[in-house]
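Counting starts at 1 for both ligands and their atoms, in listed order.
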Amino acid sequence: TGEVLGCNLAFARLLGWEDPADLVGMNARTLYADPADRDAYLAELRRRGSVSGFPMRLRRRDGSLIWVLENVAWVEDPDGSGEGRLEGILIDVSDRMRSEEFERGQRELLALVARRRSLDEIFPAALELLVRLHPHLEAGLHLPGEAGHGQASATPGYEADPATIAACAAEGRFIPGGRAWAWPVSDLEGRVQGVLALRPPFPRQPRAEERQAAETLAQVLALALEHEAISRRLVHQAHHDALTGLPNRVLLEDRLNLALAQARRHSTELALLVLDLDGFKVINDTLGHGAGDRLLQDVAVRLAKAIRASDTLARLGGDEFAIILHPVPGPQAAARVAEKLLACFQEPFRVAGAAHTVSASMGLAFCPQDGEDGATLLRHADAAMYRAKARGKGNCQCYTPELQERLQERMELERRLRKALEDREFRLHYQPQFRPDGRLVGFEALLRWHHPELGMIPPGRFIPVAEECGLILPLGRWVLEEACAQMLRWRAAGCLDLRVAVNVSSIQFADPGWVETVAQTLERLGLPPACLELELTESLVMDPGSEAGTRLHRLREMGVSLAVDDFGTGYSSLSYLHRLPVGLLKIDQSFVRAFQPGSCAREGALLEAIVALARSLGLQVVAEGVETVDQRDFLAGLGCDALQGFLLGRPAPPEAFEELLVRQALGRPA
Ligand code: C2E
Ligand code: CA
Ligand code: CA
């Protein structure tokens, strides 16, 4: 029946009880850890009447396992009744069995480590081994170092704090909450990298064998971590230059191919720059290799600071570096980075205790124009770099001569623009806008640049450059200030119901300080906001993803009026237009220009539709580019609110309008 009739004290203690009486009446079958083992054992016993040295695993009172050798025999009662009982002796062989099995498991784990299997495979195997040998325990592992450099701490075998328990639970195989023991997993330098946690079924101190197993496994885990770190280091070394820590040529080519694949997929542009120090050999030969090495390191640091984190800076070898710019919004932007990189060499370097000026020559290849595969781009950037050397060093050349020329022009223009802002070479011209009945409603302020040698440079040429290099911000602030100041002068002369329209580029509008600039300018000058109208481009107004919406509303709340310039050339979403606080549409000149006698039907219909649309949205309409009487009459007939164009008045300096304004002030329209 399996009922326990009696046992001695040693047996009771072996199973975790204090008194033999506690075991009496218990079913012995419940002591066996594994039902399959138990059935085999009972079958053997039934067949032969006895067993000797039969290995079994028993479960202790606290749930832990012991390995025993069973020596049991059937003893018949002497009264001849045929009744009897099983009597036996157990030999505790737990230590030997456990250490054998543990050693086997440990060897398997170490083999995984040696075979460079991933930590994802090793960690679960280690926990599994622990739980196999100590099925009464739960095991958990927390290695914050894997992800970042979190801290972990633990005193061996002591209770883990709740945070550690929670962290171990997060890595699986551990039920959160409760109490647990913890062992630190330390690296070879003794820094704690993680925690191994074990939880018994109820609170108690760890047994010697549990302690030993945990400590050994913690060591194996530490070894696995160390191994992983070493292979990571090796991979890094294979891809990086030891002197500067930068990616080497191998990794650069890798990244270049990756970037090119991305560029193809997303139709983005990419630039490759090759940079070679000028006269490095002289420094190396005269001041020694140590000094040369230091210089290369300093150069690497300066270059790294000049590029974005998403760009790749690599050392190709010797004194040659390469930079991948991706994505880059066009050759001009790449050239600007090249300039910035060249500027890194303006400050002298400290070499061997003295200041040395070092320059660099650069070559630029652009994808897709100059090649679409890595090898070609590298070759072309290299060729351009040699041309830079030939052209006197310390400069950057593009692979394509036309690109080079264009860039040079742009850069020259940019340089002149900067100077022009300082030298006050800008003026505002004003173009009048009239109501169909001939009354002046206001002016559009148009920027003019009068260069002392080059003469008039049209805004169409310099505004895109100013936008690209950021100069549009100070320039735009000046335009706003000047236009508002001019309004004040006209108001002082008695013209109170005029407004001035100022063009705002999308770059200005994207500047977080712009709305504030407008508010401050109006307030400082004391100009009523209703006198100011801002002309915005369609694309800017229509970009639903931008913050444009909120900014427009803030301007509108201020009382400034907003106009959509060049309406009809962009891709307006009409529903979006409807929701924006825009009060006015300026029909693009192309629609007006297309309206010629003879070709009237369709173009007229188009203008009519635009005006009708604006009307239905409750917007005012201004037609610009009005050059002929036909155009004026037609647009006036459609009910445009204002007309602007060469026919009615060309853009001119403010003085040109004195007479007109006097008439206006006297209430006698032109
Ligand atoms: P826009 O805003 O469309 O300005 C109207 C342009 O059309 C002006 O050229 C003006 O002179 C011209 N125009 C006016 N009436 C007629 C006409 O009857 N016939 C023809 N053919 N043209 C006419 P402008 O002054 O050369 O300005 C060109 C562009 O430069 C402007 O186009 C505007 O986008 C930009 N711009 C001008 N000033 C500024 C400014 O201060 N800031 C910003 N961000 N952009 C400006
Ligand atoms: Ca405009
Ligand atoms: Ca326009």
Side-chain angles (χ1 to χ4, degrees), residues 417 420-421 425-434 441-450 455-487 499-511 514 517-518 521 532-541 561-570 572 582 584-596 610 614 620-632 634-635 640 642-654 656:
L417 260 176
L421 200 61
E425 289 168 11
F426 293 104
R427 291 282 170 274
L428 281 188
H429 280 193
Y430 296 86
Q431 186 175 26
Q433 299 176 341
F434 297 94
V441 280
F443 294 94
E444 175 175 6
L446 292 161
L447 190 54
R448 297 290 176 261
W449 177 14
H450 191 86
M456 249 342 203
I457 303 173
R461 258 196 73 205
F462 68 83
I463 285 188
V465 179
E467 284 180 336
E468 247 182 55
C469 66
L471 265 180
I472 192 72
L473 295 179
L475 193 54
R477 279 195 293 271
W478 178 83
V479 170
L480 179 72
E481 171 98 29
E482 178 58 29
C484 289
Q486 183 59 52
M487 266 318 267
R499 62 166 189 234
V500 67
V502 170
N503 290 285
V504 180
S505 108
S506 54
I507 309 279
Q508 285 168 274
F509 204 72
D511 180 37
W514 167 248
T517 305
V518 175
T521 307
L532 179 64
E533 180 176 293
L534 298 177
E535 292 194 3
L536 313 162
T537 62
E538 213 170 335
S539 57
L540 186 157
V541 182
S561 36
L562 301 170
V564 178
D565 203 354
D566 305 340
F567 182 76
T569 55
S572 301
V582 172
L584 200 147
L585 297 185
K586 284 189 90 170
I587 305 177
D588 190 63
Q589 305 189 15
S590 56
F591 298 106
V592 177
R593 194 170 312 127
F595 184 88
Q596 301 284 348
I610 295 176
Q620 296 207 339
V621 197
V622 176
E624 64 176 332
V626 180
E627 294 184 353
T628 66
V629 175
D630 282 337
Q631 288 166 349
R632 182 195 65 193
F634 184 70
L635 288 160
C640 281
L643 305 174
Q644 174 186 350
F646 289 173
L647 177 73
L648 307 158
R650 291 189 173 250

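Note on Glu444: its N/O/S atom closest to the Ca ion (ligand 2) is OE2. For Asp565, the N, O or S atom closest to the Ca ion (ligand 3) goes by the atom name OD1. The name of the N, O or S atom in Asp566 nearest to the Ca ion (ligand 3) is OD1. When the N, O or S atoms of Glu624 are ranked by distance to the Ca ion (ligand 3), OE2 comes first.
Of the listed options Leu643, Asn503, Ile507, Asn503 places a heavy atom closest to atom 40 (C) of ligand 1.
With a heavy-atom cut-off of 4.0 Å, Leu446 touches ligand 1 through backbone and side chain alike. Of all the heavy atoms of Asp566, the ones lying under 4.0 Å from any atom of ligand 1 belong exclusively to the side chain. Residue contacts with ligand 1, taken as heavy atom pairs separated by less than 4.0 Å, involve Arg448 solely via side-chain atoms from C-beta onward.
Within the 4.5 Å cutoff, side-chain heavy atoms of Phe462 are placed close to those of Leu447.
Taking a cut-off of under 4.0 Å to the non-hydrogen atoms of Glu624, the atoms of ligand 1 that pass are 3 (O), 5 (C). Interface atoms of ligand 1 facing Ser505, defined by a heavy-atom separation under 4.0 Å, are 44 (N). With ligand atoms numbered from 1 in the order given, ligand 1 contributes 44 (N) to contacts under 4.0 Å with heavy atoms of Gln508.
Remark: distances from the non-hydrogen atoms of Gly625 to ligand 1 include one below 4.0 Å.
For a distance bound of 3.0 Å, the N, O or S atoms of Asp588 include none lying that close to the Ca ion (ligand 3). Within the 3.0 Å limit, Glu535 places no N, O or S atom next to the Ca ion (ligand 3).
Put simply, atom 9 (O) of ligand 1 has no protein non-hydrogen atoms near it, under 4.0 Å away.
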